Amino acid sequence: VQLQASGGGLVQAGGSLRLSCVGSGFIFSTTDVGWYRQAPGKQRELVARITSGLRTDYADPVQGRFTISRDNAKNTAYLQMNRLQPEDTAVYYCNTWAGTWVWGQGTLVTVSS
């Protein structure tokens, strides 16, 4: 049972990135998936979440800029991040409950001003 996150990188303020999270070893379509981030010196925080029924929730700082989605045929969840700001710089993790909490390995997003 694992999640594999990817898609991070260095981008200028105002730019975009799309993160991917591929699940394996469990029935991906039946689980809710969350994206979290952890900036240096700060606690990990929830960024966005999508349920198995495709309901979505967003943290206030990313509302209107980030979009979470999923493609169950590919066992993949996405986080489209637009209008990125330096304060979005963090390691981004995906997470799900599959009988146990499962975390992806994290992907670093760096936004330069």
Side-chain angles (χ1 to χ4, degrees):
V1 177
Q2 66 176 357
L3 293 172
Q4 186 84 17
S6 63
L10 174 63
V11 63
Q12 288 189 329
S16 298
L17 283 173
R18 189 177 79 156
L19 306 183
S20 298
C21 174
V22 181
S24 61
F26 61 99
I27 304 174
F28 184 84
S29 61
T30 66
T31 67
D32 300 348
V33 177
W35 281 100
Y36 291 73
R37 66 185 181 187
Q38 187 165 19
K42 295 188 176 181
Q43 288 190 330
R44 193 172 297 189
E45 61 179 2
L46 178 65
V47 175
R49 177 171 48 210
I50 185 165
T51 70
S52 58
L54 303 182
R55 280 211 319 260
T56 58
D57 293 295
Y58 297 92
D60 287 344
V62 307
Q63 182 77 44
R65 298 188 297 123
F66 291 11
T67 302
I68 190 170
S69 62
R70 65 192 299 161
D71 183 342
N72 290 333
K74 297 181 179 179
N75 286 355
T76 303
Y78 303 98
L79 186 67
Q80 178 66 44
M81 306 185 295
N82 297 329
R83 305 200 312 273
L84 282 160
Q85 302 166 5
E87 50 266 38
D88 295 316
T89 294
V91 178
Y92 284 71
Y93 301 87
C94 55
N95 151 281
T96 193
W97 171 263
T100 184
W101 285 111
V102 183
W103 289 91
Q105 83 282 13
T107 184
L108 176 63
V109 172
T110 304
V111 184
S112 63
S113 57

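Everything numeric in this text was worked out from a predicted model, so none of it was measured. All residue numbers refer to positions in the sequence shown, counting from 1. Hydrogens, waters and symmetry mates play no part in the numbers below; they use all other heavy atoms, side chains included.
Judged purely by atom type and a 3.5 angstrom limit, Thr76 uses its side chain to pair as donor or acceptor with the backbone of Lys74.
No side-chain N or O of Ser20 forms a donor-acceptor pair with one of Ser6 less than 3.5 Å apart.
Taking CG of Leu46 as the start and OH of Tyr36 as the end, the distance is 4.5 Å to the nearest 0.5 Å.
Nearest approach of Leu17 to Gly7, heavy atoms of both residues: CD2-O, 3.9 Å. Looking at every heavy atom in both residues, Asn82 comes nearest to Ser16 through OD1-OG, 3.0 Å.
For residues 2-25, no pair satisfies salt bridge (charged side-chain N to carboxylate O under 4.0 Å, His left out), with sequence neighbours left out. Contacts classified as salt bridge (charged side-chain N to carboxylate O under 4.0 Å, His left out) and involving residues 22-38 (residues at least two apart or in different chains) are given here: Arg37-Glu45, Arg37-Asp88. Counting only residues at least two apart or on different chains, no disulfide bond (SG atoms under 2.5 Å apart) pair has a member in residues 33-82. Residue pairs meeting the disulfide bond (SG atoms under 2.5 Å apart) criterion with at least one partner in residues 7-61, sequence neighbours excluded, are Cys21-Cys94. The ring pair (Phe, Tyr, Trp, His ring centres under 6.0 Å) contacts involving residues 78-99 comprise Trp97-Trp101, where partners must be two or more places apart or lie in separate chains. Identified under the salt bridge (charged side-chain N to carboxylate O under 4.0 Å, His left out) test for residues 77-86, with sequence neighbours left out: none. Identified under the disulfide bond (SG atoms under 2.5 Å apart) test for residues 52-92, with sequence neighbours left out: none.
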- Task: Might you work through the side chain to side chain contact (heavy atoms under 4.5 Å, CB included) test for Val22 and Phe28, ending with a clear yes or no?
- Result: CA-CA 9 Å; Val22 181; Phe28 184 84; over 6 Å; no
For residues 47-61, run the donor-acceptor check on the side chains, cut-off 3.5 Å, and write out each pair with its distance to 0.1 Å, sequence neighbours left out.
residue	atom	partner	partner atom	Å
Thr51	OG1	Gly53	N	3.2
Thr51	OG1	Leu54	N	3.3
Thr51	OG1	Arg55	N	2.9
Tyr58	OH	Ile68	N	2.9

Donor-acceptor pairs under 3.5 angstrom involving side-chain atoms of residues 102-113: please list them, not counting sequence neighbours.
residue	atom	partner	partner atom	Å
Gln105	OE1	Ala5	N	3.0
Gln105	NE2	Ala5	O	2.7
Thr107	OG1	Gly8	N	2.9

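Remark: Gln4 engages no residue in a side chain to side chain donor-acceptor pair (under 3.5 Å) (not counting sequence neighbours). For the side chain to side chain donor-acceptor pair (under 3.5 Å) test, residues two or more places apart in sequence or in another chain that qualify with Arg70 are Asn72.
Two residues are said to be in side-chain contact when any heavy atoms from C-beta on lie closer than 4.5 Å; Phe26 and Leu3 meet this criterion.
Through direct or indirect side-chain contacts shorter than 4.5 Å among Ile, Leu, Val, Met, Phe, Trp and Tyr, Leu10 is connected to no other residue.
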